[in-house]
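Data block below; observations after.
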Amino acid sequence: MTTHTDQLTTDRLLIRHFTPADWVELQELARDRESSAGGKYDHAWPTDDEGCRGMAVYFAAQEKFWAVCLRNTGHLIGLLALSPEDEPGVMEVGHVFHTAHLGADLDTEALGCLMDVAFADPSVRQIICRNAEEWEAQLAPLRKLGLTVVSRGDGTDFFQRNADGNPITFVGCTMAIGRDEWLQRRR
């Protein structure tokens, strides 16, 4: 893994900050996400041109968002987010990958790379993520990396609605891994 302030690389991936020009490939990711089984567990993403342009500009202005691209082609296949929690020393990681690229462990590779960078900061003692427990495709790479469920709760999503117009409900879970366990696993 190579680390620069604006990009990370692995054998198969280039992980970099977004640019406004990413909007077309971000639109592909958004359309795939919204039509996937997991799209219902979070607020809806825009899929129209204007909305995706705005989303790309927003992501580009935020250092916490990373575009995951295939190293050999540069094609954007996913999004990572890493942001501090209110509790000191805790970071939250988030991820979305195009369903065409699930199953090849590219999501695991990207998440592992970003988590290595996070834990390189000695003040980071834990990384968490929050997801719908039944969205197995989202949880699988986290489990492979050693994160475990530490709590469950009401995952009501007030952004998404069912056919009757009511917010959908699901079991949400928080997964976590501590610094010592991460460093032990990555040796």
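Every value quoted in this text rests on a predicted model; they were computed, and no experiment measured them.
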So do [Y] and [X] actually touch side chain to side chain, heavy atoms under 4.5 Å?
X: V96; Y: D32; answer: no
X: L82; Y: K64; answer: no
X: Q126; Y: E85; answer: no
X: V93; Y: M175; answer: no
X: V68; Y: H101; answer: no

Exercise for the section: For L139 and C173, run side chain to side chain contact (heavy atoms under 4.5 Å, CB included): C-alpha distance rounded to whole Å, both residues' side-chain angles, the deciding distance at 0.1 Å, then the answer. Expected result: CA-CA 10 Å; L139 301 183; C173 69; 4.3 Å; yes
Checking the side chain of [X] only, and the main-chain atoms of [Y] only, is there a donor and an acceptor separated by less than 3.5 Å?
X: D164; Y: N166; result: no
X: D22; Y: T19; result: yes
X: E34; Y: W45; result: yes

Linked, directly or transitively: [X] and [Y] (ILVMFWY side chains, under 4.5 Å):
X: L114; Y: W182; result: yes
X: L76; Y: L79; result: yes
X: V149; Y: V90; result: no
X: M115; Y: V117; result: yes
X: L142; Y: I127; result: yes

Handout entry: Salt-bridge present (E87, R125; N to O < 4.0 Å)
Key =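 Looking at R125 together with E87, the answer is yes, because their closest N to O distance falls below 4.0 Å.
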Practice task
Considering only NZ, NE, NH1 and NH2 on the basic side and carboxylate oxygens on the acidic side, decide whether K144 and E109 come within less than 4.0 Å.
Solution key: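 Here K144 does not pair with E109 in a salt bridge, since their nearest N and O are not under 4.0 Å apart.
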Practice task
Apply side-chain contact (heavy atoms from CB on, under 4.5 Å) to S151 and list each qualifying residue two or more places apart in sequence or on a separate chain.
Solution key: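 In terms of side-chain contact (heavy atoms from CB on, under 4.5 Å), with neighbours along the sequence ignored, S151 is linked to T174.
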Problem - E63 versus H17, side-chain donor and acceptor atoms under 3.5 Å - result: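 Not at all, the side chains of H17 and E63 share no donor-acceptor pair under 3.5 Å.
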With rounding to the nearest 0.5 Å, note down the distance linking [atom1] in [X] to [atom2] in [Y].
X: T148; Y: E181; atom1: OG1; atom2: CD; result: 6.5 Å
X: H98; Y: L106; atom1: NE2; atom2: CG; result: 13.0 Å
X: N131; Y: E133; atom1: CG; atom2: CD; result: 10.5 Å
X: L26; Y: T47; atom1: CG; atom2: OG1; result: 11.0 Å
X: M91; Y: S83; atom1: CE; atom2: OG; result: 6.5 Å
X: C113; Y: R12; atom1: SG; atom2: CZ; result: 12.0 Å

Distance-only donor-acceptor pairs under 3.5 Å for side chains of residues 49-59, two or more places apart:
unit_1, atom_1, unit_2, atom_2, d
D49, OD1, Q27, NE2, 2.9

Exercise for the section: Kindly give the heavy-atom pair with the smallest separation between T108 and P141, and that separation in Å. Expected result: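 Answer, listing the atom of T108 first, then P141: OG1-CB, 3.2 Å.
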Exercise for the section: Just say parallel, tilted or perpendicular for the rings of H95 and F97, cut-offs at 30° and 60°. Expected result: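 Correct class here is tilted.
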Handout entry: Criterion side-chain contact (heavy atoms from CB on, under 4.5 Å) against D107, the qualifying member of L13, L102, L80, I77
Key =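 Per the side-chain contact (heavy atoms from CB on, under 4.5 Å) rule, the option paired with D107 is L102, out of L13, L102, L80, I77.
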Exercise for the section: List, by chain and then residue number, the residues other than V24 in its hydrophobic cluster (Ile/Leu/Val/Met/Phe/Trp/Tyr, side-chain heavy atoms under 4.5 Å); write none if there are no others. Expected result: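 Answer for V24: W23.
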